[in-house]
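Inspection log for the structure reproduced underneath, given as structure tokens.
Scope of the values below: all heavy atoms of this structure, side chains included, with no hydrogens, waters or symmetry mates.
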Amino acid sequence: MVQATFDVRLLDSTYSVTPKKGVEGSKDREDVNVRLYGKTRENQSITIICPDFKPYFHIFWPTDALRKKLEEHEDVLSIKEVKKEYKGSIEDFLEVRVRAPWLVPKFRTEFELQHKTLVVKNIPEEILEQVRADPEFTVTGDARLARLTPTDRVYSQKLIRTYNLFQYMDKEEIEKFELKSVFFAADIVFTNRFIYDYDLDTCVRVTGELVDDPGEYTTEIVLKAEKFEQCPIFTPKLKIMSFDIESSIKYGNIYCICFTVYNEVDGTKEDRQFVSKFGVRGDNMSPAEEAERNEDERRLLADFVAEVRKLDPDVITGYNINNFDLQMLYDRSNALNPPPEGRKATAGEYMNFGRDSLGMSRRENRTTGFVTWDIKGRLLQDAWLSVKKELRPKREGLGYVSQQLFGDTKDNINSTRIDEEWTNRRDEVVKYCLKDAELALRILMHPRINTLNKLMDVAIPSRLPVKEVSGGQNRMIESLMIRMVDRENVIVPMASGETNDYEGGFVYDTKPGLWEWVIGLDFSSMYPSQIIKHNICFTTLVKNKAEAAHESPIGACFVSKEKRYGITPRMVEGLLNSRKEAKALMKKARQDGDMDAADYYNRLQNAIKILANATYGYFGAKFCRWPYSRYIAPSITSWARDEIRTVVASLESRGFTVIAGDTDSVFFTSKNHRDLDSCKMLGFQVQAEFSAGNMHLELEKVMERFFAHAKKRYFGKIIWPEETLLVRGYEPRRTDSFDLQSETMTQVFQIVLEGRPDEAVRFSKDIIDKTLKGKVDLSKLIISKSVNDFSSYDNPDSLVHVNVAKRLQEMGYEFTPGMKTPFVITNGSAQPIRAEPVIEGLEFTARPDYRYYAERLAMGLARITEAFGCDERTLMQGNSQRTLDLFGEEKPAPVAAPLVQKEVVKKVKTMSTLDMFM
DNA sequence: GGAGAACGGGG
DNA sequence: GTGTACGTTCTCC
């Protein structure tokens, strides 16, 4: 019985249900233990077994019958009457505590109220009158037969109780309501409920009893927790494993698994290789050989699992492991290990390389089919997804990205012919496999990607285990919100899934053209600031205008901060204040020369900003718990539109030219400010003028040249505060684009920003002309796409690349599903489009459809040249035209700006993810 | 113009 | 696991 105390950074949480001893037959016969996994301040891995904690939820004021039923229910441990605030009034609720988390959904299925309209017969006229007078109800019919429809199911229940309405209802109608109630807080992930109730942070000081025998756990320390306290935040060093698998697509077997484990503590790396003893499988193997090979592969997988458990990494990564490697481990282990007799095998159970004894688990999005994985106690981070998010590279392949980031690349193995390579160069394939694992690790750890540090940082203000913040971002908001709401005795509703489209940010109708000396300003934290400025919250929303201090442009009313300071503005203000603090600490650290600390505070302030901004998004999302989607998010955007419009109008009234603007930013230029110093001075002047209270308009950049084409499409040369290139909305397309297209686009950007639009037009026309005449390199016209199994397409014949793969097959080449297939378009006007495959070592004899390529080039380039009076058609006409007169005296846009500024408001759709606000 | 399919990436 | 969770581009109506 050794007591110990540790400071722990939490990484993940799970729970277990185990029988209690000596209480058989009692209702409370099990321990429900949350298990927290993390890393101590001394960088040791730890499993924390938390004290018994039972799930609970709230239901609205039930009937006596339902209350009795619950009291006697064999899975209900206790019920308790509680008073909580709901939609501005204090109401009666019942807190129901049940035996185990998995029972909560069962209670919901059985007892959740599904109806709200009450059908009543022969109701006394005076009751009906009172219901008619209630703004929450719509009444149809008359006293003989009336339908009473409330805005909300809670009010049906309340009405029944207030007027004892069952006496006026049919048996059938009573059944819909009698043993039912509205549920609250019954969809909070159980381990999160524990974290909120114990008010844990991402770091926690835990005291308890050391467990000698780690049993199923793989961590260095296993502790039975008795006490939790606060502790200073820290970021421990992690152990990161990156792995890769080589396998035969044709036969489905695994050839080898390699991994490298990097320990941040001392910078060491350990490599492991698990290699099959056998060569390529044949088509007609004897059952004996089959069995022998399967046994070998089972050994390989078991060795892999044992070694991961032994080395106990905190993070598992690799390249495209979500879609490939993890799926492979899962499928293969299931296939090789048939269910034990008399028991159904749990999928993934043999791949139990998590920090408990359970296997890997698979989660599939029902609508998109996107698969993600979970391994208990360890973070799972696909380096490919990190690359997509942070870099948005043109190509996303491991080799290309490694080359871009650090000039290294994959070994020279042809992975599309892995069976052949395995036969001829087995050792090199194993080396290649390990190299891939190393590259993925280096990518994940690269300063420009740095996903792990970012996750660790966001977890701090979110007050959650790190794994929680790598998934749905709504948990970050709820972590803060639910704790505040609980503390103030406000009921926590369940997400209704209700959707509501509303108007989003203000988008100024861009004045296209090439501009010089452009000043860019934006409001910092526009949406959070609006929440604070107008005290916007579900706790401050009122129907009565007379009570309100703030009425939003869409007509929602909120009381003053003095009357009731809303939970949401308080939360957001807290975030913005701690961001200020972090920024101050960053500055101080920088002055003290502590660059590591400065870097940390910089990441922290950024993480807090993300959280503050996501708060608005939460109220517009369909998974928002507070059912005010028609008021809160639309009010925030409407006030924001007013704010930025005021700035635009004021600038224009003084004769400045506003060129572009979006949500919280504005770009403008002045005839009288034609150098950096005067632009800066004007920018700061405007900044001071529009910064008041908690609204801050900031001078963000001065651009020497700025090209605007349309809403959200522009590029420019920033010269202050730093010289950089700004490109928005012109990101080159991906693999279905051809090299000639992206190369030409980049060159045109450069020419335009050199101030030579005439030359940009000439250059564009020239390239298009050459393309039309077929004077371009064939290799620059190749389009490459991967082709999956033909049967996976609904309509394979309509897809060019699928037809190309079929042609390849007809020509006698081997086709493997998933293979990347290069081709050149030979007839772009046919339906479906015709193309010929490009085969290595074989001369391409077909004639490319040069017109098709020229048209696609023109389509892209015209987006830029249009501003100089040269549209797509003119581009196609070639260079025999007159020279264009492009620059005016003050060098504003050569194309006349529209006289009437059309204001375009984009509709925002209800979000399913908060990503776009981050 | 909106809904839904396909891609990407892995061997 | 007290869940429902890829981002973007293209095709088709």
Side-chain angles (χ1 to χ4, degrees), chain A residues 14-15 55-57 98 100-108 183-194 244-256 318-328 361 363-372 374 382-385 387-389 392-393 395-401 413-422 429 432-433 436 440 470-475 494-495 497 622-623 731 733-737 784-788 792-796 798-802 816-820 831-833 909 912-916:
Chain A
T14 63
Y15 72 86
Y56 65 90
F57 53 86
V98 299
W102 55 269
L103 291 165
V104 177
K106 289 193 152 189
F107 275 87
R108 248 160 57 190
F183 276 58
F184 290 85
D187 59 350
I188 298 172
V189 174
F190 176 64
T191 57
N192 288 8
R193 173 89 271 171
F194 177 87
D244 187 35
I245 290 178
E246 303 306 320
S247 65
S248 169
I249 292 292
K250 191 170 174 191
Y251 299 103
N253 63 300
I254 294 174
Y255 289 130
C256 67
Y319 212 75
N320 197 23
I321 53 175
N322 255 2
N323 294 317
F324 188 79
D325 303 70
L326 291 165
Q327 185 73 59
M328 192 78 202
S361 58
R363 293 179 292 182
E364 190 173 334
N365 179 328
R366 234 181 237 166
T367 48
T368 66
F370 192 81
V371 173
T372 50
D374 192 33
D382 192 326
W384 172 53
L385 292 177
V387 162
K388 280 164 74 107
K389 191 172 177 198
R392 296 167 161 272
R395 303 245 165 185
E396 298 167 351
L398 179 59
Y400 177 85
V401 173
I413 289 284
N414 185 347
S415 64
T416 61
R417 298 186 176 182
I418 198 73
D419 294 332
E420 215 172 285
E421 300 277 32
W422 188 251
V429 171
Y432 160 90
C433 180
D436 275 9
S470 57
Q473 297 94 337
N474 59 324
R475 298 252 176 93
M494 301 208 301
K622 71 171 189 200
F623 46 65
E731 282 82 6
R733 291 191 308 170
R734 308 226 278 244
T735 45
D736 59 337
S737 81
S784 194
K785 276 194 181 181
S786 53
V787 182
N788 295 320
S792 70
Y793 297 97
D794 286 348
N795 196 2
S798 70
L799 300 165
V800 211
H801 54 301
V802 178
T816 325
M819 203 166 86
K820 203 160 251 147
Q831 199 56 257
I833 291 173
K909 273 208 164 178
S912 57
T913 157
L914 295 180
D915 237 2
M916 65 179 301

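- Counting non-hydrogen atoms under 4.0 angstrom, Tyr432(A) reaches the backbone sugars and phosphates but no base.
- Here the C1' atom of nucleotide dC6(C) and the CG atom of Asn323(A) are 9 Å apart, to the nearest Å.
- Residue contacts shown for Asn192(A) are absent, as no nucleic acid heavy atom lies under 4.0 Å away.
- Computed from coordinates, the Tyr400(A) OH to dG8(B) C1' distance equals 14 Å when rounded to whole Å.
- For the pair Asn414(A) CG and dG10(B) P, the computed distance is 13 Å after rounding to whole Å.
- Taking only side-chain nitrogens and oxygens, Arg417(A) never comes nearer than 4.0 Å to OP1 or OP2 of dG11(B).
- Atom pair Asn474(A):CG and dC6(C):P shows a separation of 12 Å (rounding to whole Å applied).
- When the C1' atom is used for both dC6(C) and dG11(B), the distance is 22 Å, rounded to whole Å.
- The stretch residues 245-254 of chain A touches DNA chain B through Ile245(A), Glu246(A), Ser247(A), Ile249(A), each having a heavy atom under 4.0 angstrom from the strand.
- In terms of the ring-ring contact (aromatic ring centres under 6.0 Å, His included) criterion, residue partners of Phe184(A) (sequence neighbours excluded) are, by chain and number, Tyr86(A), Phe93(A).
- Here Ile418(A) lies in heavy-atom contact (under 4.0 Å) with sugar-phosphate atoms only.
- Comparing Leu398(A) and Val802(A) against DNA chain B, the residue whose closest nucleotide sits nearer the 5' end is Val802(A).
- With rounding to whole Å, Asp382(A) atom CG is found 13 Å from dG7(C) atom P.
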Chi angles and distances behind the side-chain hydrogen bond (donor to acceptor under 3.5 Å, both in side chains) call for Asp325(A), Tyr319(A): CA-CA 8 Å; Asp325(A) 303 70; Tyr319(A) 212 75; over 6 Å; no

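- Note: CD (Glu396(A)) to C1' (dC6(C)) measures 11 Å, nearest angstrom.
- In this structure, the separation between CG on Asn320(A) and NZ on Lys388(A) is 9.0 Å, given to the nearest 0.5 Å.
- Ile321(A) comes within contact range of no nucleotide atom at all, as no heavy-atom separation falls under 4.0 Å.
- One side chain, Tyr255(A) or Asp419(A), offers a donor N or O that lies under 3.5 Å from an acceptor on the other.
- The salt bridge (charged side-chain N to carboxylate O under 4.0 Å, His left out) test applied to Asp436(A) returns Lys410(A), not counting sequence neighbours.
- As rounded to whole Å, 14 Å separates atom P of dG1(C) from atom CG of Asp187(A).
- Listed nucleotides: dG10(B), dT2(C), dG8(B). Nearest to the side chain of Pro101(A): dT2(C).
- At the heavy-atom level, Tyr56(A) lies under 4.0 Å from base atoms of the strands shown.
- Looking at heavy-atom distances under 4.0 Å, Arg193(A) makes contact with a base.
- Applying the 4.0 Å criterion to OP1 and OP2 of dG11(B), one finds that Tyr319(A) has every side-chain N and O outside that range.
- Heavy-atom minimum distance, Thr191(A) versus Thr14(A): CG2-O, 3.5 Å.
- Residue-level contact check: Asp436(A) touches the backbone only, with heavy atoms under 4.0 Å from sugar-phosphate atoms and none from bases.
- Looking at Lys388(A), its side chain comes within 3.5 Å of the base of dG8(B) through a donor and an acceptor atom.
- Atom CD of Glu246(A) sits about 4.5 Å away from atom CD1 of Ile418(A), to the nearest 0.5 Å.
- Panel note: side chain Arg108(A), backbone Ala186(A); a donor-acceptor pair is recorded below 3.5 Å.
- Following rounding to the nearest Å, Trp384(A) (CH2) and dG11(B) (C1') show an atom-to-atom distance of 15 Å.
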